[in-house]
Amino acid sequence: MVYADNAATTKMSRTAVAAMLPCMEETWGNASSLYGFGQKAKEALEAARAKVAACLGASPGGIYFTSGGSEADNQAIISAAHLGAKKGKKHIISTAFEHHAVLHTLKKLEQEGFEVELLDVHENGRVSAGEVSAAIRGDTALVTIMYANNEIGSVQPIAEIGAVCRERKVLFHTDAVQAAGHLPIDVQKQNIDMLSLSGHKFHGPKGVGVLYARTGIPLENLIEGGAQERGKRGGTENVPAIVGMAAALEEACAHMDENMAKVQALRDKLIGGLRRIPHSVLNGDEKHRLPGNVSFCFEGIEGESLLLLLDDKGICASSGSACTSGSLDPSHVLLAIGRPHEVAHGSLRLSLSEENTEAEVEEILRAVPEVVEYLRGISPLWKDKVIGKREFLLPESYR
Ligand SMILES: *Cc1c(COP(=O)(O)O)cnc(C)c1O
């Protein structure tokens, strides 16, 4: 099997598994219990907090463990919005291509009377700090812009946006789920007030994540309960998962440069090969791009068919279209960067990790052109284009 869907989830690292086992077999007590056995679990929990904090340039007091990236996004945005509303600020700035954990939370806030302004991300999938600055008003409660996009891989100028928000005294949250463990993050230097990350996107376990919140930002509870996480997130702490996530993040950060170099070389080989397919286009910025992200649209095919045929060849990939979620709408991300519906339907995302090999990339480069050609061959729409009855939407050879 060739696994090229690391933006969806990653395989747990040996380091993460090894860190988790003693938490399940030996120090499995309740971290809130007062006896020594429980306190051992508490020690492991706090050591994990310190590790995560160190990887983000944060203080341990700013780290809150959650059930994942989605919960962290929800809690950050709802907290900042309601904090703003107390001061009469009900304007929120974001972008049109955020993850649904952000977009759906913003939709809910709109129903509560907040005004949500989604900035244009342009064809390259980026927004400038100047555009953020121009959108900030006296009543802006929050700017929430993702660090790197999960579908097309474009990386935002986070430090510049952070500087603008700090200068204008507006809270800045970033969904850094795709960036954490893959790109350098420093919440102090980048002026990030709140940040979300998720364990399973950097070879840690699923169902665990982090919300970072700068000291002094009062969080609103999504889960009421005990006094865990300094009273901000009820529920007995999932110590094994938290410890596994911290170990995975520490490992990813320690090897970041070498992993980036390796994965980027594989990515660029894939991009170079796939852009030879006629009537194709690369999605996302070429330079400001996640090390492992390859995203293309191929005119005249359906992404779902492409995925199924690649699966037959043992290749795990993803498409932007949200067919799996029961809707036939093309990806909101691809529409946000201006791809026409028809083109957006023919998307393919390959996301690599340092576990992938050059031989696997070559296998993908043999399979994809073959499958695209086959699917075009059986498409009546494509035939119409070839005989000139319909217009091609993408140029034959790559720009
Ligand atoms: C995966 C992902 C999430 C959701 O994280 P979970 O831990 O799966 O809830 C949020 N944002 C982005 C950008 C993601 O890629």
Side-chain angles (χ1 to χ4, degrees), residues 1-21 23 48 51-52 55-56 65-73 99-101 146-153 155 175-185 195-210 238 240-267 270 284 289-295 307 310-311 314-320 324 348-361 363-364:
M1 178 181 87
V2 176
Y3 186 77
D5 201 15
N6 287 279
T9 197
T10 56
K11 179 184 169 184
M12 276 185 65
S13 72
R14 286 249 166 98
T15 308
V17 175
M20 288 173 78
L21 283 174
C23 301
K51 269 185 198 176
V52 170
C55 293
L56 302 176
F65 293 118
T66 66
S67 68
S70 299
E71 185 187 326
D73 282 342
H99 190 273
H100 283 133
M146 69 201 312
Y147 203 119
N149 185 271
N150 47 306
E151 270 180 51
I152 62 170
V155 178
D175 174 338
V177 173
Q178 290 291 331
H182 303 283
L183 296 173
I185 296 178
L195 174 145
S196 311
L197 61 79
S198 170
H200 73 104
K201 304 289 175 75
F202 47 78
H203 305 286
K206 295 170 185 50
V208 65
V210 167
N238 187 351
I242 289 166
V243 166
M245 168 173 65
L249 186 61
E250 186 180 48
E251 185 180 37
C253 291
H255 298 278
M256 192 175 284
D257 290 346
E258 62 197 85
N259 287 345
M260 264 169 85
K262 181 185 174 191
V263 176
Q264 260 169 19
L266 295 175
R267 174 196 73 186
L270 253 184
R289 186 173 196 93
L290 280 171
N293 177 284
V294 177
S295 169
L307 292 192
L310 287 178
D311 186 27
I315 296 169
C316 305
S318 160
S319 166
T324 42
L348 173 70
R349 177 188 72 186
L350 298 154
S351 43
L352 305 170
S353 89
E354 61 281 0
E355 304 230 330
N356 288 111
T357 64
E358 199 150 338
E360 289 179 331
V361 165
E363 200 174 324
I364 297 171

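Considering all non-hydrogen atoms of both residues, G181 and C253 come closest at CA-SG, 4.5 Å. The minimum heavy-atom distance between S353 and V263, with the atom names listed, is C-CG2, 3.6 Å. Considering every non-hydrogen atom in both S351 and A7, the closest pair reads OG-N, 2.8 Å. Of all the heavy atoms in A148 and V155, the pair that sits closest is CB-CG2, 4.0 Å. In this structure, A180 and I185 approach most closely via the heavy-atom pair CA-CD1, 3.8 Å. Nearest approach of A241 to P205, heavy atoms of both residues: O-CG, 3.4 Å.
Between D311 atom CG and M1 atom CE the span is 10.0 Å, to the nearest 0.5 Å. Separation of atoms NZ (K51) and CD1 (I242) is listed at 13.0 Å; rounding is to 0.5 Å. From E360, atom CD reaches atom CD of E355 across 9.5 Å, with rounding to the nearest 0.5 Å. A distance of 9.0 Å separates NZ in K201 from OG1 in T10, rounded to the nearest 0.5 Å. The CD atom of Q178 lies 10.0 Å from the CG atom of L183; values are rounded to the nearest 0.5 Å. Atom CG in L195 sits 12.0 Å away from atom CE in M146 (nearest 0.5 Å).
Taking the side-chain contact (heavy atoms from CB on, under 4.5 Å) definition, one finds that N259 meets it with H255, E354, sequence neighbours left out. Here H200 pairs with T9, S198, K206 under the side-chain contact (heavy atoms from CB on, under 4.5 Å) rule; sequence neighbours left out. Considering only residues two or more places apart in sequence or on other chains, S295 meets the side-chain hydrogen bond (donor to acceptor under 3.5 Å, both in side chains) condition with N283. Contacts of I364 classified as side-chain contact (heavy atoms from CB on, under 4.5 Å), with partners at least two apart in sequence or in another chain: V2, A4, L270, I315, L350, V368. Annotation: side-chain hydrogen bond (donor to acceptor under 3.5 Å, both in side chains) contacts of N6 (sequence neighbours excluded): none. Considering only residues two or more places apart in sequence or on other chains, L21 meets the side-chain contact (heavy atoms from CB on, under 4.5 Å) condition with V17, M24, E25.
No side-chain heavy atom of P291 sits less than 4.5 Å from a side-chain heavy atom of L352. Between L310 and L348, the closest side-chain pair of non-hydrogen atoms falls below 4.5 Å. Using a 4.5 Å heavy-atom cutoff, the side chains of N150 and H99 are in contact. Looking only at side-chain heavy atoms (C-beta outward), D175 and Y147 stay at 4.5 Å or farther from each other. Side-chain contact between T15 and E250 is absent, with no heavy atoms from C-beta onward closer than 4.5 Å.
Of the candidates N293, L307, I152, N293 is the only one forming a side chain to side chain contact (heavy atoms under 4.5 Å, CB included) with R349.
Of the possible polar contacts, none joining the H203 side chain to the M12 backbone as a donor-acceptor pair under 3.5 Å is found.
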